[in-house]
Amino acid sequence: MSSTAHYVVNFDPFAVRFPEGFYLEGVRWYGLSYLAGFAIAYLMLRWYSKCKRSPLSEDENSSFITYLLFGVILGGRIGYMLLYDFGTLVSDPLSLFRIWKGGMASHGGFIGVVLATLIFGRVHKVAFFTLSDIIVTICTPGIFLGRLANFINGELWGKVSNVGWAMIFPNSAPPGTPLSEIAPRHPSQLYEGALEGLALFLFLQWRFWRCNLPKGQVSGEFLVLYGCVRIFCEVFRQPDAGVSLIFGMSRGTFYSIFAILAGAAIIFAARRAAARKKGS
């Protein structure tokens, strides 16, 4: 099945490399994807405020994006270590702080964002679902860029496949393996970027701007749809090495089930609250 006729994913993971002997190796594309994602989110927050679709002021937008930054980074890192690499965390607790070596969990990032939003909303006296409906419409560009960075890094590759667009990921084989002996795989990072990022962005923008929905429903729809597309993409994604399955499911699939259930519950509660308000 292997063939060098397939595209070889062999990018340099560093956008900039520092001189040898420097404390850090350089600036990774993965880190830049986070910065770009937050920059886009901040610009969208300002746009929402100018268009009166957000109750936040300019100063509050800056504060809110800072809360979200810490929520994503801390939640994503802690979530990864707890959900995917708990053994390393126990044997080497300081590994939690080596963020530059990679290892972030999207589900952990979601939890971090929820906690950051709860704290910000309490401090600034803004309803949680008012904020969450805004967040879910501005986070998807960051998800797309993050998956693109995964692709550039040649990590989180897909399962072995003979489809015409399958690609060779050198890191999927032991070092030194000839390219002709490496099986091509699904570029599952691109599938996830297109669905979790771009497709959800377009759908949620339409729902946010064009549909008069109960407060919280956009948040619920995001969780349901993200969970569904993540489960779909997991069909093509190779489970992480050394990470055991849960009830025969990959970790991504298992955790996404809870996202779907939570989203469905939020939608039900949002509609019920809206119906009561309308009837009162």
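Being a predicted model, the structure only gives us computed values, none of them experimental.
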[X] side, atom [atom1]; [Y] side, atom [atom2] - distance, nearest 0.5 Å:
| X | Y | atom1 | atom2 | value |
| --- | --- | --- | --- | --- |
| Leu195 | Phe144 | CG | CZ | 11.5 Å |
| Phe151 | Ser33 | CZ | OG | 14.5 Å |
| Gln189 | Arg237 | CD | CZ | 8.5 Å |
| Cys233 | Leu156 | SG | CG | 12.0 Å |
| Thr66 | Phe120 | OG1 | CZ | 9.5 Å |
| Phe169 | His6 | CZ | NE2 | 12.0 Å |

Heavy atoms only: give me the nearest [X]-[Y] pair and the separation to one decimal.
| X | Y | value |
| --- | --- | --- |
| Ala173 | Ile182 | CB-CG1, 3.8 Å |
| Ala15 | Leu32 | CB-CD1, 3.5 Å |
| Ala127 | Lys215 | CB-NZ, 4.3 Å |
| Gly37 | Leu145 | N-CD1, 3.8 Å |

Check the pair Asn150 / Trp157 against side chain to side chain contact (heavy atoms under 4.5 Å, CB included), numbers first and verdict last. CA-CA 8 Å; Asn150 290 147; Trp157 49 76; over 6 Å; no

Contacts of [X] that satisfy side chain to side chain contact (heavy atoms under 4.5 Å, CB included) - sequence neighbours left out:
| X | value |
| --- | --- |
| Val126 | Pro55, Leu56, His124, Thr130, Leu131 |
| Leu45 | Asn61, Phe64, Ile65, Ile134, Ile138 |
| Glu196 | Ile143, Arg147, Glu192, Tyr226, Val229, Arg230 |
| Val163 | Ser161, Trp165, Ala166, His186 |

Any side chain to side chain donor-acceptor pair (under 3.5 Å) involving residues 135-145? Give me the pairs, sequence neighbours left out, ordered by first then second residue. Tyr48-Thr137

Should [X] and [Y] be regarded as members of a common hydrophobic cluster, given that ILVMFWY residues are connected when their side-chain heavy atoms come within less than 4.5 Å of each other, either directly or indirectly?
| X | Y | result |
| --- | --- | --- |
| Val113 | Tyr34 | yes |
| Ile40 | Leu202 | yes |
| Leu198 | Met44 | yes |
| Phe129 | Leu118 | yes |
| Ile152 | Val27 | yes |

Side chains of Tyr7 and Pro187: does their closest heavy-atom pair fall under 4.5 Å? no

I'd like to know whether [atom1] of [X] has more than 12 heavy-atom contacts from other residues, nucleotides or ligands below 6.0 angstrom.
| X | atom1 | answer |
| --- | --- | --- |
| Phe70 | CZ | no |
| Lys159 | NZ | yes |
| Phe232 | CZ | no |

Partner set under side chain to side chain donor-acceptor pair (under 3.5 Å) for Asp12, not counting sequence neighbours: Arg17

Contacts of Thr177 that satisfy side chain to side chain donor-acceptor pair (under 3.5 Å) - sequence neighbours left out: none

Could you list the donor-acceptor pairs under 3.5 angstrom formed by side chains in residues 249-269, with sequence neighbours left out?
{"from": "Ser250", "atom 1": "OG", "to": "Glu234", "atom 2": "OE1", "distance (Å)": "2.7"}
{"from": "Ser250", "atom 1": "OG", "to": "Thr253", "atom 2": "N", "distance (Å)": "3.2"}
{"from": "Ser250", "atom 1": "OG", "to": "Thr253", "atom 2": "OG1", "distance (Å)": "3.0"}
{"from": "Arg251", "atom 1": "NE", "to": "Ser244", "atom 2": "O", "distance (Å)": "2.9"}
{"from": "Arg251", "atom 1": "NH1", "to": "Leu83", "atom 2": "O", "distance (Å)": "2.2"}
{"from": "Arg251", "atom 1": "NH2", "to": "Ser244", "atom 2": "OG", "distance (Å)": "3.1"}
{"from": "Ser256", "atom 1": "OG", "to": "His107", "atom 2": "NE2", "distance (Å)": "3.3"}
{"from": "Ser256", "atom 1": "OG", "to": "Gly252", "atom 2": "O", "distance (Å)": "2.7"}

Which atom pairs, one a donor and one an acceptor, fall under 3.5 Å between side chains of residues 216-224 and the rest of the protein, sequence neighbours left out?
{"from": "Gln217", "atom 1": "OE1", "to": "Arg271", "atom 2": "NE", "distance (Å)": "3.4"}
{"from": "Gln217", "atom 1": "NE2", "to": "Glu221", "atom 2": "OE2", "distance (Å)": "2.9"}
{"from": "Ser219", "atom 1": "OG", "to": "Ser132", "atom 2": "O", "distance (Å)": "3.4"}
{"from": "Ser219", "atom 1": "OG", "to": "Ser132", "atom 2": "OG", "distance (Å)": "2.7"}
{"from": "Ser219", "atom 1": "OG", "to": "Asp133", "atom 2": "N", "distance (Å)": "3.2"}
{"from": "Ser219", "atom 1": "OG", "to": "Asp133", "atom 2": "OD1", "distance (Å)": "2.6"}
{"from": "Glu221", "atom 1": "OE1", "to": "Arg207", "atom 2": "NE", "distance (Å)": "3.0"}
{"from": "Glu221", "atom 1": "OE2", "to": "Arg207", "atom 2": "NE", "distance (Å)": "3.4"}
{"from": "Glu221", "atom 1": "OE2", "to": "Arg207", "atom 2": "NH2", "distance (Å)": "2.6"}

If the condition is salt bridge (charged side-chain N to carboxylate O under 4.0 Å, His left out), which residues does Arg272 pass it with, not counting sequence neighbours? none

Checking Arg46 now: which residues fulfil salt bridge (charged side-chain N to carboxylate O under 4.0 Å, His left out) with it, not counting sequence neighbours? Glu58

Taking ring pair (Phe, Tyr, Trp, His ring centres under 6.0 Å) as the definition, give me every residue that meets it alongside Phe128, ordered by chain and number, with sequence neighbours left out. none

So, Arg28 side chain and Pro13 main chain: donor-acceptor pair closer than 3.5 Å or not? no

Would you say the rings of Phe38 and Tyr42 are close, in the sense that their centroids are separated by under 6.0 Å? no

